[in-house]
Amino acid sequence: MKNENIRNFCIIAHIDHGKSTLADRILEKTGTITDRDMQEQVLDNMDLERERGITIKAQAVSLKYKDYKLNLIDTPGHVDFAYEVSRSLAACEGALLIIDAAQGVEAQTMANIYLALEHDLEIIPVINKIDLPAANPDRVKEELMDLGIDPDEALLTSAKEGIGITEVLDAIIERIPAPEAELDQPLKALVFDSIYNSYQGVIPHIRVVSGTVKKGDMIYLMASEKKYEVDEVGIFNPGFKEVDELVAGEVGYLMAGIKDVRNCRVGDTITNYHKPASKPLPGYKKVQPMVFSGMYPTDNNDYKVLQEALEKLQLNDAALTFESETSEALGFGFRCGFLGLLHMEIVQERLEREYDLDLVITAPSVIYKVEKKSGEELEIENPSNFPEQNEIETVAEPFVKTYISLPEDYIGAVMKLCEDNRGEFVNMKYLDENRVVINYHMPMNEIITDFFNQLKSSTRGYATLDYEQIGYRESDLVKLDILVNKEPVDALSTIVHRDNARKLGESLARKLKEIIPRHMFKVPIQAAIGNDVVARVNIPAQRKDVLQKCYGGDVSRKRKLLEKQKEGKKRMKQVGSVEIPQDAFMAVLERN
Ligand code: GTP
């Protein structure tokens, strides 16, 4: 049986091709929100997201159109959140595939098409931004044809000017299949997202696949093996709207006093505790952090505050991990695990904004697998814990396969960049006569440095990057240590390939010389591999400042200065007798 009046769909697009804008137009057209409530891009409702203009968390909304209920499931647009994307797609029967009429098919568009096909979704191609002077829908259609998509099925829209929106809505009800609805089966509901609210706790967003769920039901989460009583079920309207029950085929939320997101992870299956399904829905995966860095409060007294803040963030961010660590240089802090660099930046910003913390963060690192001569096997996520060189038998590092899409003019520059970053060429494919996708196998360690920035600057912003994990490989890696004022600063250690170690040591020492402010005494900076010093520079002593002395006694002025300093986060850490700014910890990422 099918639930004939329901359509579940998502919108997939390359970043900036207009997903949020089109979603807004659809909400307007279906009267889901009035003009007065209309905040730009309502689906991205986290402040940070709006400022950054990217969709981080999946969101859902139920729309009424003609006699149909359309459930729009928004998907995160960043590679860090690929697993959430896959679960959102699993909750749908169809997808609007948006392509910018001027930019054409991009790496992310292709990745999205493959994902949508994998989930057996009906794809409706939408060529957006046809109002742009540079729009070239015919070229986009040709690109679609090359990808095996019928160009005649493409709709033309301008989300900005509201053109073609009705056609999109009609296509959704005509082309996307109604969901299967096995009402008499035990409950199976897919958790494809969740939000956290300090009153209700974790509120999972669910797609009911079979059976029904209503208030008072006892539910069971099959992966986390927890049971809860349902307090409320409802739909997104776009706010919460309580309904009597959610039946197979429908999308909505439930509240059940779940206090910790780790008990209700994305991808889990909710069933009925008393009448359980025999097996869960396929595809559950516990997301694992890929990138680790140390977070330290600049003021050691803030350690507890940081701990509490991380605990709170973790309640609604199942991918964030942390454990306490001590650094000789930085004192007490936490080793935090993230899905990727964007995730790391988001967590950092939230800690600073929402909890008013002033933090120093060490350069991100991947997990290295080290086998010692003694036979002991280690997983190292903090470079300062890397064993001594003479104890090491082998080291392996995670590799990724990159998908870089770029205009053909830049092929030479990009291939050189990949090769400079230890990339191994896999293949290259033309998307059309002037755009190509290049695949390289590369160490993930090189991707989390400033590779992306270099890629952008060597292609004047035209290249896009995507990657997927492909496992571990042995490499000849060494630990590069930095000594400031003759003291090793553990938080500045990095793992680098032996062949590049000397060059990187030299450039890092030079950079630190620029970044670390002058002190009243000379500060030598050294880079070393084991006992072998590979580079040395001196930061000269500061000359006596006569003016400073004159003002020394003026208390009110001093206070003003202090207050000013308080306002601008100082992100500076006292290491021995030297003040090291945040930038120094990130300088190890710059590889030129
Ligand atoms: P992410 O959330 O980053 O994935 O981006 P998105 O795909 O949601 O794109 P968004 O809707 O934020 O649009 C990106 C930019 O394109 C914005 O500046 C929009 O105003 C603009 N834009 C969207 N649709 C159109 C359109 O039809 N025509 C024109 N000219 N601009 C558009």
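We count ligands from 1, going down the list as the structure has it; atoms in each ligand are counted the same way. Residues take their numbers from the sequence shown, with the count starting at 1.
Counting atoms of ligand 1 from 1 in the listed order, those under 4.0 Å from a heavy atom of S20 are 2 (O), 6 (P), 8 (O), 11 (O). For ligand 1, the atoms lying closer than 4.0 Å to a non-hydrogen atom of H17 are 7 (O). Close approach of ligand 1 to G18 (heavy-atom distance below 4.0 Å) involves ligand atoms 6 (P), 7 (O), 9 (O), 10 (P), 11 (O), 13 (O), 23 (C). Near L132, with a cut-off below 4.0 Å to any heavy atom, the atoms of ligand 1 are 30 (N). Shown in contact with N128 at under 4.0 Å from a heavy atom are these atoms of ligand 1, numbered in order with element: 24 (N), 25 (C), 27 (O).
Note: no N/O pair closer than 3.5 Å links L22 and ligand 1 by distance alone. Below 3.5 Å of separation, one finds an N or O of A159 facing an N or O of ligand 1.
Nearest-residue assignment for atom 11 (O) of ligand 1 (options D16, T21, D131; heavy-atom criterion): T21. Of the listed residues (K160, K129, E161), the one carrying the non-hydrogen atom nearest atom 22 (N) of ligand 1 is K129.
No hydrogens or angles considered: nothing links the side chains of D67 and N5 as a donor-acceptor pair under 3.5 Å. E308 and Y355 are not linked by any side-chain donor-acceptor pair at a separation below 3.5 angstrom, with hydrogens and angles left out of the test. Using modelled atom types, one finds no donor on one side chain facing an acceptor on the other under 3.5 Å when comparing S224 with R262.
With respect to the salt-bridge test (charged N to carboxylate O, under 4.0 angstrom), the residues R175 and D170 do not qualify. In summary, E446 and R422 engage in a salt bridge, as defined by a charged side-chain N under 4.0 Å from a carboxylate O.
The aromatic rings of Y253 and F236 sit tilted, their planes meeting at an angle between 30° and 60°.
Not less than 6.0 angstrom separates the ring centroid of F425 from the ring centroid of H441.
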